[in-house]
Amino acid sequence: MPNKLAQAVAHLREQDGSRPLMYCSATQMVSQTLEPLKVWPADIPRPVSFYNALIENVCVGCTMVINKETLQLVKKRIPTSLDNIIMHDWWIYLCTSSFGKVVFDPEPSIWYRQHQNNVLGGSTDGWVSKWRKRLSRFAKGKNRYILSKQAQQFIRLYGQDISPQMYKDMEQFLDSYQKGVFSRMKYIWQSPFYRQSRLDNWIYKLVFIMRKL
């Protein structure tokens, strides 16, 4: 959209520019012929924080604008292998939310074109169809263990620099994940990490208990 960069810069200038900052926004999803479909992500009811970023990405990469401090932060410890990094935008969200601030703008800044050949992107399907596809990918093993591997990669690279409380919570998350099923069940009900949607949050807890995260 014509005002995308100006919109992002205006939001970032309201923040403390001496620390890592990242702007991201909702998207206006459109059809192949650019007809409006829906806004996505439509609802971010909980903070865009480290405690969300560890297990969910709500930041669409093509809406992101970062400051110099964020660029330096990400370049500081680039993983030697990208096998354990899910997506570049998710990694940047995790880094920025751990050391600075993420600003989510509910006003769309881009048209997000959807068509039948999309490899990645938002879904215009209903929630039943969306979850059918997710469960199918999970059953085929495509989404297993990716979150825990990315979390392990992050703590190896940045664990010594994050706050003591974040480190403690992340260490407990990873340690509990490796324990027996009853320990995992006990931990997950008091876990400080969350996904934005209530249904997604329940699914996260179930997959954690199954140790397929």
Side-chain angles (χ1 to χ4, degrees), residues 1-14 21-49 52-67 70-71 74 82 85-97 101-147 150 194-207 212-213:
M1 294 182 180
N3 64 337
K4 175 188 175 182
L5 291 178
Q7 188 170 305
V9 171
H11 278 276
L12 292 179
R13 281 180 173 166
E14 295 175 355
L21 297 174
M22 185 184 82
Y23 165 93
C24 61
S25 80
T27 69
Q28 175 61 64
M29 296 175 67
V30 296
S31 69
Q32 297 183 65
T33 56
L34 304 186
E35 296 172 346
L37 298 172
K38 67 176 183 179
V39 173
W40 179 84
D43 186 20
I44 304 292
R46 307 180 74 174
V48 278
S49 72
N52 178 229
L54 189 73
I55 60 169
E56 179 182 28
N57 182 32
V58 295
C59 300
V60 181
C62 48
T63 71
M64 287 181 172
V65 176
I66 62 175
N67 68 349
T70 295
L71 178 61
V74 174
L82 299 181
I85 307 302
I86 301 172
M87 292 290 286
H88 69 283
D89 47 9
W90 194 333
W91 184 255
I92 295 171
Y93 175 31
L94 180 55
C95 290
T96 311
S97 63
K101 184 173 182 179
V102 176
V103 178
F104 178 82
D105 185 359
E107 185 68 27
S109 64
I110 70 164
W111 287 355
Y112 200 158
R113 185 169 173 265
Q114 300 294 301
H115 54 82
Q116 62 183 2
N117 295 320
N118 273 31
V119 176
L120 294 172
S123 173
T124 58
D125 301 329
W127 70 270
V128 174
S129 177
K130 179 181 75 173
W131 277 103
R132 186 184 296 119
K133 291 178 181 178
R134 284 188 179 183
L135 291 173
S136 174
R137 289 196 300 269
F138 181 79
K140 294 176 182 177
K142 293 185 177 180
N143 289 344
R144 295 180 188 175
Y145 314 117
I146 57 175
L147 289 172
Q150 180 167 266
Y194 56 84
R195 295 174 70 93
Q196 297 290 340
S197 157
R198 181 176 297 180
L199 177 59
D200 282 359
N201 214 38
W202 279 101
I203 296 296
Y204 147 62
K205 294 179 185 296
L206 175 61
V207 175
K212 302 291 186 182
L213 198 65

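Predicted, not measured: the structure shown is a model, and the values here were computed from it. Basis for what follows: all heavy atoms, side chains included, without hydrogens, waters or symmetry-related copies.
With rounding to the nearest 0.5 angstrom, the CD atom of Q150 is 11.0 Å from the CG atom of L82. With rounding to the nearest 0.5 angstrom, the CG atom of D89 is 8.5 Å from the OG1 atom of T63. Considering CG of N57 and CD1 of I86, their distance stands at 8.5 Å, rounded to 0.5 Å. Remark: L94 CG to C59 SG distance equals 10.5 Å, nearest 0.5 Å. Taking CG of L37 as the reference point, atom CH2 of W111 lies at 12.0 Å (rounded to 0.5 Å). Note: I146 CD1 to M87 CE = 10.5 Å, rounded to the nearest 0.5 Å.
Using a distance-only test at 3.5 Å, with no hydrogens or angles considered, no donor-acceptor pair links the side chain of Q114 to the main chain of M29. Side-chain atoms of R113 come within 3.5 Å of backbone atoms of Q32 as a donor-acceptor pair (strictly under, hydrogens ignored). Although no hydrogens or angles enter the test, the distance criterion places a donor-acceptor pair under 3.5 Å between the side chain of Y194 and the main chain of P47. A distance-only check finds a donor-acceptor pair linking the side chain of Q196 to the backbone of R46 [under 3.5 Å]. Of the possible polar contacts, none joining the E107 side chain to the Q7 backbone as a donor-acceptor pair under 3.5 Å is found. Distance alone, capped at 3.5 Å, places no donor-acceptor pair between the T96 side chain and the Y93 backbone. A donor-acceptor pair under 3.5 Å is formed between the side chain of S25 and the backbone N or O of S109.
Looking at N52 and S49, their side chains never bring a donor and an acceptor atom within 3.5 Å of each other.
When all heavy atoms are compared, the tightest approach of V30 to P36 is CG1-CA, 4.0 Å. Taking each heavy atom of P106 and A26 in turn, the nearest pair found is O-CB, 3.5 Å. The two residues P41 and F104 have their closest heavy-atom pair at O-CZ, 4.0 Å. Counting all heavy atoms, side chain and backbone alike, C95 lies closest to V74 at CB-CG2, 4.3 Å.
Contact check for Y204 versus L213: side-chain heavy atoms found under the 4.5 Å cut-off.
No option in L12, T70, L21 other than L21 meets the side chain to side chain contact (heavy atoms under 4.5 Å, CB included) test with K101.
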